[in-house]
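Let me begin by presenting the structure, written as structure tokens, before commenting on it.
Along the sequence shown, residues carry numbers from 1. Just so you know, these numbers come straight off a predicted model, no measurement behind them.
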Amino acid sequence: CGEDISDITPTTETATGQQSITYVLSSLDGKYAYKIETDEEIIGRESGMQAYLGAKSFVSRMHAKITIEAENVYVEDLNSTNSTYINNKKITQRTKLVDGDELALGGTNINGKCQNEAAYFLVRIGKCM
């Protein structure tokens, strides 16, 4: 937890030169990145990000819903067994994410240590030309 991955910046190009926004969930160690490409995605062990989350037993099959509305990104817990956390605080309703937030599925950061069976991501939101 807390590893600096500030050098990982999501980028895309547009043919018209207009700004586009990219939304990426990046593992804290920087080894995995998941680009959110639709306005609504369910993530969990048996849905979006299944390849990465499949072995994380604290993550529910359909753990959370990610929604993009008006260039904002939100997360909502789907009554998961072990909850969803933003910056180590449990969420109980749909919550807006901002660039740099830490999103945790199924666990908290306890005294600077992540739980192995939970999943932790850095939220990356980037505007590009």
Going only through I, L, V, M, F, W and Y residues with side-chain contacts under 4.5 Å, is there a path from [X] to [Y]?
X: Leu103; Y: Ile21; result: yes
X: Phe58; Y: Met62; result: no
X: Ile86; Y: Tyr34; result: yes
X: Ile42; Y: Ile36; result: no
X: Ile43; Y: Tyr32; result: yes

Would you say that [X] contacts [Y] through its side chain, given a criterion of any heavy-atom pair below 4.5 Å between the two side chains?
X: Met49; Y: Leu25; answer: yes
X: Leu78; Y: Ser60; answer: no
X: Asn109; Y: Tyr85; answer: no
X: His63; Y: Asp77; answer: yes
X: Tyr120; Y: Gln115; answer: yes

So, does [X] use its side chain to make a donor-acceptor pair with the main chain of [Y] at under 3.5 Å?
X: Thr38; Y: Glu40; result: yes
X: Thr95; Y: Gln93; result: yes
X: Arg45; Y: Val59; result: yes
X: Ser47; Y: Gly44; result: yes

What distance do [X] atom [atom1] and [Y] atom [atom2] have between them, rounded to the nearest 0.5 Å?
X: Lys89; Y: Ser83; atom1: NZ; atom2: OG; answer: 15.5 Å
X: Glu102; Y: Leu28; atom1: CD; atom2: CG; answer: 5.0 Å
X: Glu37; Y: Thr22; atom1: CD; atom2: OG1; answer: 10.0 Å
X: Arg124; Y: Asp99; atom1: CZ; atom2: CG; answer: 5.0 Å

*Going by the salt bridge (Lys or Arg N to Asp or Glu O under 4.0 Å) test, which pairs reach into residues 46-60, not counting sequence neighbours?*
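Passing the test, one end in residues 46-60: Glu46-Arg61.
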
_Set of side-chain contact (heavy atoms from CB on, under 4.5 Å) partners for Asn72, sequence neighbours left out_ =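 Checked Asn72 against side-chain contact (heavy atoms from CB on, under 4.5 Å); matches are Tyr74, Lys96.
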
*May I ask you to check whether Glu41 and Tyr23 show a side-chain donor-acceptor distance below 3.5 Å?*
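No, no side-chain donor-acceptor contact under 3.5 Å.
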
*Which pair of non-hydrogen atoms, one from Val75 and one from Ala64, has the smallest distance, and what is that distance?*
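Closest pair (atom of Val75, atom of Ala64, distance): CG2-CB, 4.0 Å.
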
*Residue list, side chain to side chain donor-acceptor pair (under 3.5 Å) with Asp101, at least two apart or on another chain*: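 For Asp101, the residues satisfying side chain to side chain donor-acceptor pair (under 3.5 Å) (neighbours in sequence not counted) are Asn87.
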
